[in-house]
Amino acid sequence: MKPYKDFEPNWVKEAAPKRSYRSIFRWGDPEFVKYPKESLYKTMKDIFKMTDADFRQYALNLGKEEVKDLPPSQLDPELLEELIEICGKDHVSIDDYDRLSVAYGKTAYDTLRLREKQIDSLPDVVLYPSTSKEVEAIVDFSVRHQIPLYVYGGGSSVTMGVEPTKGGISLDMRRNFQHVIEFNEVDQTITVQSGMSGPRLESLLNDAVKQFGAKRAYTCGHFPQSFEYSSVGGWVVTRGAGQNSTYYGCITDLVMGQKYATPIGVIHTSTYPQEATGPNLNQIMMGSEGAFGVLTEVTLKIFRYMPENRKRFSYMFKDWNTAMNAAREMMQCEAGKSSVFRLSDAEETSLMLKLYNVDDTPLQNLLEMKGFKENERCLFLGFTDGEKGYSANVAHKIKEISRKFGGLSLTGYVTKNWEKGRFNDPYLRDTMMDFGIITDTLECTVKWSNMAQVHRDVREVCHKLPNTVVTTHMSHCYPQGANLYFIFITRMSDKEEFRRYHSSILDAILNAGATMSHHHGIGKMFGPWLQSQIGDKEYGIIKALKQYFDPNNLMNPGGTLGLDIEESKRHFKER
């Protein structure tokens, strides 16, 4: 299908400089986005009351200018030479583009600042280590010279987790830190460097017969929506979760062992499947977001790769309450769990059907005829994985429960369409931002008993901003609860207005009794709320760990986990 001519941005045809601002903040290539551009164009016009004229000019700077003339590095030349001795000349850079390319993550706030060329944070030097020994030497260098140290993995942080707010050193793990340390088929584990990208890891495991001489193909089972730009280290330090986590588990379930370079020395955690030897150090270190030290190596569980056993399904329920009850029964029936388990609320369902042009097909009339009303119906989709009999049984049980709750089967076709864009959909964000439409996300963990309240209360706050689309879906599910994922789409171009709106939603999540993050981590953006989230005394444990590992606050300083922010900036409330 050819792109709609009036919607196609000029920058797709006119190549921007490879070292431009846009090449830093832009995710992927909109040409690979699977939504038909005609339907996106029509939907945005309808929702935001826009006209053709609004799409003939850009509302925001595209950032096509070449990156140059940034504030110079403040690192002493003698110290730079010492770093060159550690990493090698070709793996040390004070180049403008290299420094800016690791300065920001992927929040809408980051992108808005880059479009305006607002450089709030910039490292003095970027290093590209290739071995754990080099990282250990860099951490030692940081301590000896009292220089802040940051880590940039895949760059997909949406919590300002990688931002070098104090300057200093940034480790870019993408170039050289993607090696396999050990593949162990007997234990079904793989140990890799923390810079290993998600796609590279999965490719190696799927091709394990050739790559490692294995007996069969394997998978890690971890597929966050940022998969194509994510790293194993990023998964671990933020306590991430992939879209297939309902079956394979979150990263906290997949990690067998970790190795860190810290200011007090190298920390190795256990790699045993279970043990009762005091508090679990693997769990203590996960989620530390670089505040305790630099994660260098990770040992992960792996699983047999059997895509031929996958069973896809999709169902439509008449309303959110019915759909929630059906989802809870699926999670608590103890017949097994699907791999992907995604339930969209009415507003998200409506948007998805518009983007896929369902409203122009006979299915629209069929849904209405059977009582599945627009702006009430909820779409549930997913697929199963695992051994053939297990996978088939889970799919059968989901079908049985869906029918019990009045669900209408839409077959696996809808799920196949969703899969085509599951990793590409976020790339739409920058295209829409060109025309002044902002998209961002927040997510939270809820219990089944308070899910309806959290869904209602948070959406009410989100909708206080006029003319705003707020979609919600359940994306990671458990017998005791689930993750609610909120996406807001609105016309906005002011970055400070964005921060105020974003903060109001975080407040709403906490006030409703949910956690403010299920898998995005905390970073510097959510840090001011962490003490209130977990409790004052409980937060003291994190501060004690920080003091033990990094008493001089050199590891990812500047607000990570809220550890070194001004008291006046804390959103603290006794609970």
Side-chain angles (χ1 to χ4, degrees), residues 87 91 101-102 105-106 126-136 138 150-157 161-162 170-185 187-208 210-212 214 217-245 248-261 266-269 271 282 285-290 293-303 305 423 519 521:
C87 298
H91 300 158
S101 70
V102 297
K106 294 298 182 186
V126 182
L127 307 180
Y128 304 92
S130 56
T131 68
S132 295
K133 289 294 183 184
E134 286 182 7
V135 175
E136 291 160 21
I138 293 165
Y150 299 86
V151 180
Y152 191 96
S156 61
S157 170
V162 301
S170 183
L171 303 184
D172 189 338
M173 302 302 215
R174 295 172 293 181
R175 184 184 294 181
N176 305 316
F177 216 70
Q178 295 205 45
H179 300 294
V180 175
I181 307 299
E182 181 189 24
F183 174 83
N184 189 322
E185 190 170 22
D187 294 340
Q188 276 198 194
T189 62
I190 188 169
T191 302
V192 299
Q193 291 179 320
S194 60
M196 175 70 72
S197 75
R200 175 169 165 75
L201 174 64
E202 191 62 18
S203 176
L204 288 169
L205 289 173
N206 291 173
D207 196 29
K210 179 179 178 181
Q211 297 293 332
F212 309 116
Y218 289 91
T219 178
C220 180
H222 191 83
F223 302 97
Q225 191 167 35
S226 61
F227 177 69
E228 294 178 334
Y229 287 85
S230 66
S231 69
V232 170
W235 301 347
V236 175
V237 300
T238 59
R239 301 182 74 90
Q243 292 178 342
N244 300 53
S245 69
Y248 291 106
C250 299
I251 198 64
T252 50
D253 305 302
L254 301 176
V255 169
M256 293 290 292
Q258 302 161 76
K259 181 180 178 182
Y260 286 82
V266 176
I267 300 294
H268 287 269
T269 67
T271 56
N282 267 314
M285 298 304 289
M286 277 188 282
S288 56
E289 303 197 23
V294 180
L295 175 62
T296 56
E297 298 175 14
V298 182
T299 300
L300 296 164
K301 300 175 185 178
I302 57 176
F303 305 85
Y305 183 54
F423 301 130
H519 59 272

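Because the structure is predicted, anything quoted here is derived from the model rather than measured. Reckoned from all heavy atoms, side chains included, excluding hydrogens, waters and symmetry mates.
- Side-chain contact between Ser170 and Val162: absent, with no pair of heavy atoms (C-beta onward) separated by less than 4.5 Å.
- Gln193 places a side-chain N or O within 3.5 Å of a backbone atom of His179 that can act as its donor or acceptor partner.
- With sequence neighbours left out, the salt bridge (charged side-chain N to carboxylate O under 4.0 Å, His left out) criterion links Glu134 to no other residue.
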Check the pair Leu205 / Ile190 against side chain to side chain contact (heavy atoms under 4.5 Å, CB included), numbers first and verdict last.
-> CA-CA 9 Å; Leu205 289 173; Ile190 188 169; 3.8 Å; yes

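- Using modelled atom types, one side-chain atom of Thr238 and one backbone atom of Gly234 make a donor-acceptor pair closer than 3.5 Å.
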Verdict with reasoning, Phe177 to Ser132, per side chain to side chain contact (heavy atoms under 4.5 Å, CB included) | CA-CA 9 Å; Phe177 216 70; Ser132 295; 4.2 Å; yes

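- Between Val102 and Arg174, some side-chain heavy-atom pair lies under the 4.5 Å cut-off.
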Quick one: do Gln188 and Met256 satisfy side chain to side chain contact (heavy atoms under 4.5 Å, CB included)? Show the steps, please.
-> CA-CA 11 Å; Gln188 276 198 194; Met256 293 290 292; over 6 Å; no

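- Summarising the geometry, atom OG1 belonging to Thr252 is positioned 12.0 Å from atom NE2 belonging to His519; distances are rounded to the nearest 0.5 Å.
- The OG1 atom of Thr296 sits 9.0 Å away from atom OH of Tyr260, with the distance rounded to the nearest 0.5 Å.
- A side-chain donor-acceptor contact under 3.5 Å links Ser230 to the backbone of Phe227.
- Listed by chain and residue number, nothing satisfies the salt bridge (charged side-chain N to carboxylate O under 4.0 Å, His left out) test with Glu289 (two or more places apart in sequence, or in another chain).
- Scanning all heavy atoms of the two residues, the minimum distance from Val135 to Ala261 falls at CG1-CB, 4.0 Å.
- Separating the CD1 atom in Ile302 from the CG atom in Asp187 is a distance of 9.5 Å, to the nearest 0.5 Å.
- Of the possible donor and acceptor atoms, one in the side chain of Asn176 sits under 3.5 Å from a partner among the backbone N and O of Tyr128.
- Note that CE of Met196 is 10.0 Å distant from CG of Leu300, once rounded to the nearest 0.5 Å.
- Between the side chain of Asp207 and the backbone N or O of Ala217 there is no donor-acceptor pair closer than 3.5 Å.
- Glu202 places a side-chain N or O within 3.5 Å of a backbone atom of Cys220 that can act as its donor or acceptor partner.
- No side-chain donor-acceptor contact under 3.5 Å links Glu297 to the backbone of Thr191.
- Note that CG of Leu295 is 12.5 Å distant from CD1 of Ile267, once rounded to the nearest 0.5 Å.
- A donor-acceptor contact shorter than 3.5 Å is absent between the side chain of Asp253 and the backbone of Tyr248.
- Taking all atoms of both residues into account, the shortest heavy-atom contact from Cys250 to Ala241 is SG-CB, 3.6 Å.
- The CZ atom of Phe303 lies 10.5 Å from the CG atom of Asn244; values are rounded to the nearest 0.5 Å.
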Side chain to side chain contact (heavy atoms under 4.5 Å, CB included) between Val255 and Val298, intermediate numbers included | CA-CA 7 Å; Val255 169; Val298 182; 4.3 Å; yes

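- The backbone N or O of Gln258 lies less than 3.5 Å from a partner atom in the side chain of Thr269, making a donor-acceptor pair.
- The aromatic rings of Phe183 and Phe212 sit parallel to each other, their planes meeting at less than 30°, with 60° as the upper class boundary.
- Among His91, Met173, Arg175, the one residue that satisfies the side chain to side chain contact (heavy atoms under 4.5 Å, CB included) test with Pro129 is Met173.
- Checked by atom type and distance alone, the side chain of Ser226 never pairs as donor or acceptor with a backbone atom of Ser156 at under 3.5 Å.
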